[in-house]
There are 2 protein chains.
Amino acid sequence: MKGDSRLSRMLHVLLHLGEQQGPVTSELMARMLNTHPVVVRRTMAGLREKGLVRAERGHGGGWSLARSLDRISLLDVYHAIDEPPVFALGMAEDEPRCLVEQAVNAALESELREARDKLLKRFGEITLAALAEDFERRMRRAARKSQHGGGCGAA
Amino acid sequence: MKGDSRLSRMLHVLLHLGEQQGPVTSELMARMLNTHPVVVRRTMAGLREKGLVRAERGHGGGWSLARSLDRISLLDVYHAIDEPPVFALGMAEDEPRCLVEQAVNAALESELREARDKLLKRFGEITLAALAEDFERRMRRAARKSQHGGGCGAA
DNA sequence: ACTTATGCAACATTTGCAGTTACCAATTGC
DNA sequence: GCAATTGGTAACTGCAAATGTTGCATAAGT
């Protein structure tokens with residue numbers, strides 16, 4: 001595996017939710033993401049708890065946005081998926097007795113914390129509406145070259 | 001495990017190498033790192049190939065620095081362990097057909113690339129000698145409070 | 001020769017995300 | 001009421017990467 005793709009996937013389906021109006025089923029989302037409905041529900045559960053989306057059960061049910069895309073930032077989504085580790089790099093021990101290792105940890109933790117803080121700050125400044133705009137640009141550019149619409153194969 | 005600890009571990013043992021003069025065996029290093037000699041050899045192999053350390057075989061052999069600590073940066077060590085992934089976050093697909101996903105990937109990749117570049121730039125500015133200085137400070141501070149020396153349990 | 005080391009391949013273990021199955025709960029339509 | 005649809009959740013499997021472990025070959029000192 002190349003990493004935790006939950007953030008990437010949730011951004012993807014949220015943008016699709018922003019396009020379609022009316023609820024979208026986990027089944028359809030799963031086809032968009034090339035995965036399985038249970039994976040969708042599992043990950044979307046966090047977004048529901050944070051109030052980013054709503055889920056309706058039963059006939060005609062599915063997922064819909066609880067806020068407009070310009071009120072959702074990448075940081076909101078990151079929080080909603082439970083803030084998984086940003087870095088693959090880690091310390092050998094968390095509270096080492098060895099003073100050498102303490103010095104190493106202090107330096108690494110300081111750099112990683114700063115990098116993480118800056119990254120999350122940037123995430124906080126980017127809304128899903130901005131990503132949707134970029135998508136529209138790509139749509140228009142693609143439409144000029146070929147003739148088909150630009151959605152997912154599943155959409 | 002909380003992440004890839006190879007960078008952390010290599011920094012740790014390199015600082016110990018800087019303290020002791022004369023070769024240190026993988027056996028002893030393994031005790032410093034609470035691991036096994038083969039893990040040490042496996043990871044140190046990269047540093048050897050990059051010319052950061054030397055390994056001598058046979059009686060009285062072991063590992064020693066090929067450069068002084070002020071000529072080794074965190075970035076050098078990162079390169080030497082083969083540049084493992086910095087982030088735990090990744091994309092669902094590398095070359096998606098869906099234009100929505102392309103927009104998501106473009107935004108995420110751009111932010112992650114920038115964060116990585118900045119982090120590695122910082123790594124390039126930090127030498128192991130700087131970490132060793134911080135260790136010395138911790139040593140003196142600990143010596144003032146208690147009576148024992150400040151090395152590893154294994155050292 | 002014997003002992004001490006590294007070098008290296010092969011295999012087992014662990015950890016976390018992803019995939020899958022199964023069953024329950026809620027809601028709609030007949 | 002009953003069947004069909006859809007989310008909620010637990011439990012299990014699959015998989016990839018770092019780590020742990022064993023075994024054996026190679027090199028160097030005594």
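Per chain, numbering begins at 1; letters A, B, ... match sequence-line order.
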Taken to the nearest whole Å, CD/A/E27 to P/D/dA4 is 17 Å

- Donor-acceptor pair, A/N105 side chain versus A/E93 backbone, under 3.5 Å? yes

So if you build clusters from Ile, Leu, Val, Met, Phe, Trp, Tyr with side-chain heavy-atom gaps below 4.5 Å, do B/M10 and B/V39 land together? no

Check the pair A/T43 / A/R9 against side-chain contact (heavy atoms from CB on, under 4.5 Å), numbers first and verdict last. CA-CA 9 Å; A/T43 316; A/R9 281 173 156 177; over 6 Å; no

task: Starting from the C-alpha separation in whole Å, work towards a yes-or-no answer on salt bridge (Lys or Arg N to Asp or Glu O under 4.0 Å) for B/R67 and B/D76.
output: CA-CA 11 Å; B/R67 300 191 212 160; B/D76 292 328; 3.7 Å; yes

note: A/M29, atom CE; D/dT6, atom P; distance rounded to Å ~ 13 Å

Note to self: Can a donor-acceptor pair be found, under 3.5 Å and without considering hydrogens, that links the side chain of B/Y78 to the backbone of B/S73?
What the structure shows: no

Are there over 12 heavy-atom neighbours, none belonging to B/E125, within less than 6.0 Å of that residue's CD?
yes

note: B/E93, atom CD; C/dA18, atom C1'; distance rounded to Å ~ 14 Å

Problem - Main-chain N/O of B/F123 paired with A/E111 side-chain donor or acceptor, under 3.5 Å - result: no

Contact check, residues 37-52 of chain B vs DNA chain C, heavy-atom distance under 4.0 Å, returns B/V38, B/R41, B/R42, B/R48

Rounded to whole Å, CE of B/M10 lies from C1' of D/dT19 at a distance of 12 Å

Trace of the side-chain contact (heavy atoms from CB on, under 4.5 Å) decision for B/L108 with A/L74
CA-CA 9 Å; B/L108 279 181; A/L74 302 206; 4.3 Å; yes

| request: Run the numbers on B/D117 and B/R113 for salt bridge (Lys or Arg N to Asp or Glu O under 4.0 Å), then give the verdict. | output: CA-CA 6 Å; B/D117 288 349; B/R113 182 165 9 88; 5.8 Å; no

Looking for any heavy atom pair under 4.0 Å, which part of the strands does A/R9 touch: base, sugar-phosphate only, or nothing?
sugar-phosphate

Q) Do any side-chain nitrogens or oxygens of A/R6 fall under 4.0 Å of OP1 or OP2 in C/dG16? A) no

Q) According to a strict under-4.0 Å criterion, is B/S26 in side-chain N/O contact with OP1 or OP2 of C/dT6? A) yes

Taken to the nearest whole Å, CG/A/L7 to C1'/C/dC17 is 14 Å

Here the distance between atom C1' of C/dC17 and atom CG of A/N34, to the nearest Å, is 17 Å

Exercise. Can you find a side chain N or O atom of A/S5 that sits less than 4.0 Å from OP1 or OP2 on C/dA18?
Worked result: yes

### Message
Just N and O in the side chain of A/T35: are any of them under 4.0 Å from OP1 or OP2 of C/dG19?
### Response
yes

To the nearest angstrom, the CD-P distance between B/E56 and C/dT3 comes to 23 Å

Once base and sugar-phosphate atoms are separated, protein heavy atoms under 4.0 Å mark nucleotides 24-30 of chain C, 5' to 3', with B, S and - as -BBBB--

